[in-house]
Participant: 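Here it is: the structure, laid out below.
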Amino acid sequence: MLESQRRKIARHDAILSTLAKLDYANRSQLQRLHDLRSDRNARKVLDGMREFISSFRSDSGENVYHLNKSGRERVNSAIVRNKLSTCGHYLMRNDAYIYYGAPADWKNEARIKADGEGTSHIIVDSYFMYEMRRHFLEVDHKQHMSKNKEKIERYKRLKATGVFQEKLRYFPRLVWITLTEARRKQLAEWCDGLDVTIHLWDEIR
DNA sequence: CAGGCGCCCTCACCTAGATG
DNA sequence: CATCTAGGTGAGGGCGCCTG
């Protein structure tokens, strides 16, 4: 097999693995993660993968890609993704993934056990290591603020159990990604007492 | 010579502002 | 109100250049 062909297939497989990991990703995210060069070139590369990936136009205007049947078979992924008009949550999370350097151990929808004490567990949007520290990511995509407050209370209860501090000697940093300055302020207030970083989506994409 | 890439182009779609 | 218009943005076709 020609070297150029081999490289092409390797790049395709890398992109398919990313989509298996992230479920959905838009053109510019795949472009940044896989060095697809210019916008035009990125579109051409992704267009050349139509056998394995499907796309739709998101409300932000960009194409969003996901694995189709043969793409799933190619990377042994069982999760079926379809056109999803409400994929903003995924796209925000992806930009956090890229911002934090695409950590190898990044895990979405991670189940965090909170042994006893009322809270059985928390499903965190992402759990990852960054600069030798564990991080929880929460994405606030037009979510009801009451839900966010409830989430924060659960983190506080989790911290109060001391389980993490015992294992790690510290409680992981909570990272939020939200949409407006007003929401950032409110979240920061509620997170008082936690190690927290709050990004606006526009600041990290 | 095939594949990767950039540039130029057109088309579709959306939005803001003007106009009836 | 509805509708028209101009400008902005992304998708994708075409072409030509470069490189292994």
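Just so it is clear: chains get the letters A, B, ... in the order the sequence lines come, proteins before strands, and each one is counted from 1.
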Participant: Applying salt bridge (charged side-chain N to carboxylate O under 4.0 Å, His left out), can you list everything that pairs with A:Asp105, at least two apart in sequence or on another chain?
Facilitator: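 If we apply the salt bridge (charged side-chain N to carboxylate O under 4.0 Å, His left out) test to A:Asp105, skipping adjacent residues, the hits are A:Arg134.
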Participant: Salt-bridge test for A:Arg32 and A:Asp95: reply yes if a basic N is under 4.0 Å from a carboxylate O, no otherwise.
Facilitator: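 Yes, charged N to carboxylate O under 4.0 Å.
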Participant: May I have the distance from A:Gln31 (atom CD) to B:dG4 (atom C1'), rounded to whole angstrom?
Facilitator: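 Checked: the CD to C1' distance equals 14 Å.
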Participant: Identify, residue by residue, the members of residues 58-65 of chain A with a heavy atom below 4.0 Å from DNA chain C, and return them in order of residue number, or none.
Facilitator: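 Within this stretch, A:Gly61, A:Glu62, A:Asn63 sit under 4.0 Å of the strand.
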Participant: Give the table of side-chain donor-acceptor pairs shorter than 3.5 Å for residues 45-54 of chain A, with sequence neighbours excluded, one pair per line with atom names and distance.
Facilitator:
unit_1  : atom_1 : unit_2  : atom_2 : d
A:Asp47 : OD1    : A:Arg50 : NE     : 3.3
A:Asp47 : OD1    : A:Arg50 : NH2    : 3.3
A:Asp47 : OD2    : A:Arg50 : NH2    : 3.1

Participant: Apply side-chain hydrogen bond (donor to acceptor under 3.5 Å, both in side chains) to A:Ser55 and list each qualifying residue two or more places apart in sequence or on a separate chain.
Facilitator: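 side-chain hydrogen bond (donor to acceptor under 3.5 Å, both in side chains) check on A:Ser55 returns nothing, list empty.
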Participant: Below 30° counts as parallel, above 60° as perpendicular, anything between as tilted: where do the rings of A:Tyr24 and A:Tyr90 land?
Facilitator: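 The rings of A:Tyr24 and A:Tyr90 stand perpendicular, inter-plane angle above 60°.
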Participant: Could you list where the contact with chain A starts and ends along DNA chain C, reading 5' to 3', using a 4.0 Å heavy-atom cut-off?
Facilitator: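 First and last nucleotides in contact are C:dG10 to C:dC15.
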Participant: Taking the side chain as C-beta and beyond, is there a heavy-atom pair between A:Leu19 and A:Arg81 under 4.5 Å?
Facilitator: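 No. Closest side-chain heavy atoms not under 4.5 Å.
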Participant: Of the residues in residues 83-99 of chain A, which ones touch DNA chain C at a heavy-atom distance under 4.0 Å?
Facilitator: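 Within residues 83-99 of chain A, no residue comes under 4.0 Å of DNA chain C.
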Participant: Restricting to side-chain contact (heavy atoms from CB on, under 4.5 Å), what partner residues turn up for A:Gln186, sequence neighbours left out?
Facilitator: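 Once residues adjacent in sequence are excluded, the partners of A:Gln186 under the side-chain contact (heavy atoms from CB on, under 4.5 Å) criterion are A:Met145, A:Glu189, A:Trp190.
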Participant: In whole Å, I'd like the distance from the NE2 atom of A:His34 to the P atom of B:dG4.
Facilitator: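 For the pair A:His34 NE2 and B:dG4 P, the rounded distance is 15 Å.
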Participant: Can you name the residues that form a salt bridge (charged side-chain N to carboxylate O under 4.0 Å, His left out) with A:Glu166, not counting sequence neighbours?
Facilitator: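 Salt bridge (charged side-chain N to carboxylate O under 4.0 Å, His left out) list for A:Glu166, sorted by chain: empty.
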Participant: Check this for me: does any side-chain nitrogen of one of A:Arg93 and A:Glu109 sit under 4.0 Å from a carboxylate oxygen of the other?
Facilitator: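 Counted as a salt bridge, because a side-chain N and a carboxylate O are separated by less than 4.0 Å.
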Participant: Counting only non-hydrogen atoms, which of residues 36-44 of chain A are less than 4.0 Å from DNA chain C?
Facilitator: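 Within this stretch, A:Arg40, A:Arg43, A:Lys44 sit under 4.0 Å of the strand.
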Participant: With A:Glu153, which residues qualify under salt bridge (charged side-chain N to carboxylate O under 4.0 Å, His left out), at least two apart?
Facilitator: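 Salt bridge (charged side-chain N to carboxylate O under 4.0 Å, His left out) check on A:Glu153 returns nothing, list empty.
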Participant: Using ring-ring contact (aromatic ring centres under 6.0 Å, His included) as the criterion, list what pairs up with A:His199, not counting sequence neighbours.
Facilitator: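 In terms of ring-ring contact (aromatic ring centres under 6.0 Å, His included), with neighbours along the sequence ignored, A:His199 is linked to A:Tyr99, A:Tyr100.
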Participant: Should the pair A:Arg184-A:Glu181 be classified as a salt bridge under the 4.0 Å nitrogen-to-oxygen rule?
Facilitator: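 A:Glu181 and A:Arg184: salt-bridged.
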Participant: Contact class for A:Arg27 vs. all strands (heavy atom < 4.0 Å): base, sugar-phosphate, or nothing?
Facilitator: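 The residue A:Arg27 makes sugar-phosphate contact but no base contact.
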Participant: Excluding sequence neighbours, so at least two apart, what forms salt bridge (charged side-chain N to carboxylate O under 4.0 Å, His left out) with A:Lys167?
Facilitator: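 Listed in chain order: nothing, the list is empty.
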